[in-house]
Structures are given as C-alpha cells and as structure tokens.
Amino acid sequence: MNILQKEFYNRSPLEVAVDLLGKIVVRKLDGQIITGRITETEAYLASSDEASHSFKGKTPRTQSLFLDAGHAYIHSMHTQNCFDIVTESIDVPSSVLIRALEPLEGIETMKKLRGKEELKDLTSGPGKLCKALSVTRSLDGIDLTKDNSELFIIDDGFVVQSVVKAKRIGISKAKEHEYRFYIKDNIYVSKK
DNA sequence: AGGAAGATCTACT
DNA sequence: GTAGATCTTCCTA
C-alpha cells in the first residue's frame, strides 16, 4: 500500500485537487474496510477566496483548516457532513473538498449506511460519500498520512485519462473560479 | 436569545 | 427544475 504523505498535500490546493483524482479513499470501520476511488474534487484557497470557510479567519469550527498538510477538515452542512483534506503549510488554511467517489470495496456496508441500492447513488456527492463511509465530525482534524488511521488515501497507480475543469458547485460567493475537477466521462460525479 | 446562512439531499411536479 | 427539510455555526442585540 502506498499511502499519500505530507509532501503530496503540501502544495497548492489546485494541484492537489487534480492529483487526488483517481486516488483511493480508505475507511476502516469496526474492522471493515470501505474504499472508493476519487472522481471529483474542489479546491478552496487560503486567501482571496470568499467561498472558503477560512475567509473570515479562524473559528472553533474551522480550526482544522489551519493544521499542517494531510489532515482532515470535516464540517457539517445542513444535515450532512463534508470531507476536506488540508493542503499547504501550518496556518495556511487551504483545502481540497472530496465531492464524489466510485465505490470499490465494502459496497454492502455503503448501501446499508446510505439506505440506497443504486451504485451511482452511494457516493456521488460530498454529503452522500460521508454517509456511505461513516465520516463524521469525530474524525475532524485527524492525520490522514498514517496507516493506523481510520481514514487515509492511497495511490494504486491508477492513471486518469482526462480531467475536466469546471466551476464550483453549491456556493454563493466567488463562483466564477474554475476550481472544480472531475474525471471525464465517469458516471460517479455529482453533476456534469 | 434569536435569526439567518450555508461547500446538501430528496422528492415531487 | 424547484421547493422543502433540517441542523450546526456564527453574528447581532
């Protein structure tokens, strides 16, 4: 197994967002393994990005964004959770939001957690994938670079053929930037 | 203490 | 395509 290390994440979120496509999220849950390949991401910058949660400074909710590269930032949104990976140095609050996965292992568990049967409904959205992998705020701020973590990202050598760049979804500010990336022609994305 | 906004999802028309 | 559900966090008084 090839777990992505701090050096991978210690770069601009725009680069990390693209490079995370095709990588695999591994969730260890009660001895079970749930995995999914990342098909869609969005970058949130540390400064001059009004859509970023860190734009208005450090608050109890956003403190994980100020951790070092390779930590998790998990926040609640409406009735869901969203999962980000922190990029760049300590006190540089940038991150990459994981927006969609392609289910690989633990599909039965995901179906149970989601209450859905359709494969493409399991993890095709930021809130959906958190539910399918049982990612909750108790994992907020954990280190994603260790294999004894309950959550980490691996590289299995998969090569993404073609990446599509688009505008971010679901935000009301700074909508003009094309900071969203997804694997072309993949059906497990939240929206074309 | 109250209210509004938010990186969403689901169901229904 | 649009509306409604629903909950946590933060700002203001």
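Chain identifiers are assigned alphabetically (A, B, ...) following the order of the sequence lines, protein sequences preceding nucleic acid strands; residue numbering begins at 1 within each chain. Keep in mind that this is a model prediction, so the values were computed, not measured.
In terms of phosphate contacts, A/T59 brings no side-chain nitrogen or oxygen within less than 4.0 Å of OP1 or OP2 of C/dT9. In terms of phosphate contacts, A/R61 brings no side-chain nitrogen or oxygen within less than 4.0 Å of OP1 or OP2 of B/dA7.
Residues A/K111 and A/K116 fail the side-chain proximity criterion, which asks for heavy atoms closer than 4.5 Å. Residues A/S89 and A/N10 have side chains in contact (heavy-atom distance under 4.5 Å, counting atoms from C-beta outward).
Distance OH (A/Y73) to P (C/dT9): 10 Å, rounded to an integer number of Å. Remark: C1' of B/dA7 and CG of A/N81 are 12 Å apart, rounded to the nearest angstrom. Computed from coordinates, the A/H75 NE2 to B/dT8 C1' distance equals 9 Å when rounded to whole Å. Rounded to an integer number of Å, the gap from NZ of A/K167 to P of B/dA7 is 18 Å. We find that CD1 of A/I169 is positioned 10 Å from C1' of B/dA7, with the value rounded to whole Å. One atom, CG of A/D84, and another, P of B/dG6, lie 17 Å apart when rounded to the nearest Å. Between A/E50 atom CD and B/dG6 atom P the separation is 11 Å, expressed in whole Å. Distance, A/K120 NZ to B/dC9 P: 15 Å, rounded to whole Å.
Nearest nucleotide to the A/K128 side chain, out of C/dC10, B/dT10, B/dA7: B/dT10. Out of B/dA11, B/dG6, C/dC10, the shortest distance to the side chain of A/K116 is found at B/dA11.
Across all strands, A/R99 comes closer than 4.0 Å only to sugar-phosphate atoms, never to a base (heavy-atom distances). Heavy atoms of A/S172 sit under 4.0 angstrom from primed sugar atoms or phosphate atoms, though from no base atom.
Among the candidates A/K173, A/R168, A/K56, the single residue satisfying the salt bridge (charged side-chain N to carboxylate O under 4.0 Å, His left out) test with A/D49 is A/R168.
A side-chain donor from one of A/H53 and A/Y73 sits under 3.5 Å from a side-chain acceptor of the other. Under 3.5 Å, the side chains of A/E40 and A/S190 contain a donor-acceptor pair of N or O atoms.
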N/O contacts under 3.5 Å, protein versus nucleotides 4-8 of chain C?
{"unit_1": "C/dC7", "atom_1": "O2", "unit_2": "A/H78", "atom_2": "O", "d": "3.4"}

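In this entry B/dG3 has C/dC10 as its Watson-Crick or G-U wobble partner, both defining distances falling under 3.5 Å. Of all nucleotides present, only B/dC9 satisfies the Watson-Crick or G-U wobble test against C/dG4, with each distance under 3.5 Å.
Of the possible donor and acceptor atoms, one in the side chain of A/N186 sits under 3.5 Å from a partner among the backbone N and O of A/Y188.
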With side-chain contact (heavy atoms from CB on, under 4.5 Å) as the test, would you mind laying out the steps for A/K165 and A/R180 before giving the verdict? CA-CA 6 Å; A/K165 184 177 171 185; A/R180 172 173 170 247; over 6 Å; no

